[in-house]
2 protein chains.
Amino acid sequence: MEKRRNYSRKREAILNAVRSTTSHPTADWIYEKLKPEYPDLSLGTVYRNLAQFKEDGTIISIGVVNGQERFDGNVKPHTHFVCSECGCVLDVPEEFINPDRMAQIEKEYHMRIDSADLLLRGICPDCFKKIR
Amino acid sequence: MEKRRNYSRKREAILNAVRSTTSHPTADWIYEKLKPEYPDLSLGTVYRNLAQFKEDGTIISIGVVNGQERFDGNVKPHTHFVCSECGCVLDVPEEFINPDRMAQIEKEYHMRIDSADLLLRGICPDCFKKIR
DNA sequence: CTCCGTGCAAATACTTTGCAAAGCG
DNA sequence: CGCTTTGCAAAGTATTTGCACGGAG
């Protein structure tokens, strides 16, 4: 049932690009970043490969921020913070969710929980400094 | 600095529509629901008013699910669950976040946290039953 | 040789916006 | 009357897709 997958230099570059940053990039950010080295890269390819990686679980999607989907090469569960001032997305290396509690919920509601993402919103340290 | 706001029957209807359901509706859902009673309602108006309510804090946005933004008239912090099978959005009336812990983080990182939303993903009770 | 991967451009799918007319206070 | 709200349609934006060709196995 699995689809055969050939090697592709561009696909590799896209994955590396996502993994090389903690900025939680958008598809376009990756496209722009790789464009110099791969002048014939197309945005469609970036989208197609990101979708594939997401499906494979190689990367995750943080969700849509200001109309653009943001990705993360760090698959380990962690909390994200979105600044309502500058729109940046930061990692918060804190564990909030209790796995036991989650298992309890699954049983109680007769459902399956695959992931639990905590999203914080507010003013990031940089903007916080500037404002006051 | 506050903007004057006139009364509008349609605005009221839109707010009631969001509040009348726990389905976490999309803009289009609201539009379709009100269309029979307000035949000259326009989708633009729905979008404009939802944006306004969101800004006022009268409603909240759950985020974008499958390309569409979903709203919630229940402003009280609570957890949401998105089914990856049918795309439905459910409420999970559980409190996971510890406010003290949150305050601690704010101080530690020198930032301001305005909201903390937990989003679960998995298979909802209905789909869970059907699948097995 | 047989599929997979890609560029390119066209097509989608939501959402936003400009403008003139209608409505509230 | 002055400012707000709205319908309508056009514009915008991010993302997806069809197709023909180059590339990996």
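Within every chain, numbering begins at 1; the chains are lettered A, B, ... in the order of the sequence lines, protein sequences first and strands thereafter.
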Peer 1: Is the B/His24 ring parallel, tilted or perpendicular to the B/His80 ring (thresholds 30°, 60°)?
Peer 2: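 Aromatic pair B/His24/B/His80 classed perpendicular.
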Peer 1: Would you mind classifying the nucleic acid contact of A/Arg48 as base, sugar-phosphate or nothing, using non-hydrogen atoms under 4.0 angstrom?
Peer 2: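 Base, at least one base heavy atom under 4.0 Å.
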Peer 1: May I ask you to say whether B/Lys54 pairs ionically with B/Glu69, meaning some side-chain N is under 4.0 Å from a carboxylate O?
Peer 2: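 Looking at B/Glu69 together with B/Lys54, the answer is yes, because their closest N to O distance falls below 4.0 Å.
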Peer 1: Of all the nucleotides listed (D/dT5, C/dG5, D/dG7), which has the minimum atom distance to the side chain of A/Ser8?
Peer 2: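 Looking only at heavy atoms from C-beta outward on A/Ser8, the closest nucleotide is C/dG5.
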Peer 1: So what does B/Asn49 hit on the nucleic acid, given a heavy-atom distance under 4.0 Å: a base, only sugar-phosphate, or nothing?
Peer 2: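 Sugar-phosphate contact only.
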Peer 1: Measuring to OP1 and OP2 of C/dT15, would you say a side-chain N or O of B/Tyr47 lies under 4.0 angstrom away?
Peer 2: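 Yes, within the criterion.
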Peer 1: Give a yes or no on whether a salt bridge exists between B/Arg101 and A/Glu94, defined as a side-chain N under 4.0 angstrom from a carboxylate O.
Peer 2: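 Counted as a salt bridge, because a side-chain N and a carboxylate O are separated by less than 4.0 Å.
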Peer 1: Distance check needed: D/dA9 P versus B/Asp40 CG, whole Å only.
Peer 2: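 Answer to the nearest Å: 13 Å.
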Peer 1: For DNA chain C, what residues of residues 56-72 of chain B have any heavy atom nearer than 4.0 Å?
Peer 2: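 Contacts with DNA chain C under 4.0 Å: B/Gly67, B/Gln68, B/Glu69.
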Peer 1: In whole angstrom, give the distance that lies between atom CZ of A/Arg9 and atom P of D/dG23.
Peer 2: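 After rounding, the gap between these two atoms is 12 Å.
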Peer 1: Looking only at side-chain atoms of B/Thr45, point me to the closest of D/dT6, D/dT5, C/dG5.
Peer 2: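 Shortest atom-to-atom distance from the side chain points to D/dT6.
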Peer 1: In whole angstrom, what separates A/Lys10's NZ from D/dG22's P?
Peer 2: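 After rounding, the gap between these two atoms is 13 Å.
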Peer 1: NZ of A/Lys129: more than 12 outside heavy atoms within 6.0 angstrom?
Peer 2: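 No - once you tally the heavy atoms of other residues, nucleotides and ligands closer than 6.0 Å, there are 12 at most.
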Peer 1: Return yes when atom CD of A/Glu55 has more than 12 non-hydrogen atoms of other residues, nucleotides or ligands closer than 6.0 Å, and no otherwise.
Peer 2: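 No, the 6.0 Å shell around CD holds no more than 12 heavy atoms from other groups.
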Peer 1: In whole angstrom, what separates B/Glu12's CD from D/dT6's C1'?
Peer 2: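 From B/Glu12 CD to D/dT6 C1': 16 Å.
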Peer 1: What I want to find out is whether A/Asp56 reaches A/Arg5 closely enough, with some N-O distance under 4.0 Å, to be called a salt bridge.
Peer 2: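 Yes, this pair counts.
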Peer 1: Please tell me which of the listed nucleotides, C/dC3, D/dT5, D/dG7, lies nearest to the side chain of B/Leu41?
Peer 2: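 Of all the options, the side chain of B/Leu41 is nearest to D/dG7.
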Peer 1: Between C/dG23 atom P and B/Arg11 atom CZ, what is the distance in whole Å?
Peer 2: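 Result: 15 Å.
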Peer 1: Counting heavy atoms from C-beta on, name the nucleotide in D/dT5, D/dG7, C/dG25 closest to the side chain of B/Arg4.
Peer 2: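 So the side chain of B/Arg4 is nearest to C/dG25.
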Peer 1: Could you give the CD-to-P distance, from B/Glu55 to D/dT4, as a whole number of Å?
Peer 2: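 To the nearest whole Å, that distance equals 14 Å.
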Peer 1: I need the OH-C1' distance between B/Tyr31 and C/dT15, as an integer number of Å.
Peer 2: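 Distance check: B/Tyr31 OH to C/dT15 C1' gives 14 Å.
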Peer 1: If you assign B/Pro39 and B/Asn6 each to the DNA chain D nucleotide with the nearest heavy atom, which residue ends up on the more 5' nucleotide?
Peer 2: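 The residue whose closest nucleotide sits nearer the 5' end is B/Asn6.
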Peer 1: Check whether any side-chain N or O of B/His110 sits under 3.5 Å from a backbone N or O of A/Pro125 as a donor-acceptor pair, and report yes or no.
Peer 2: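 Pair absent, no side-chain N/O of B/His110 close to backbone of A/Pro125.
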Peer 1: Give one of base, sugar-phosphate or nothing for B/Tyr7, where a contact means two heavy atoms less than 4.0 Å apart.
Peer 2: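 Touches sugar-phosphate only.
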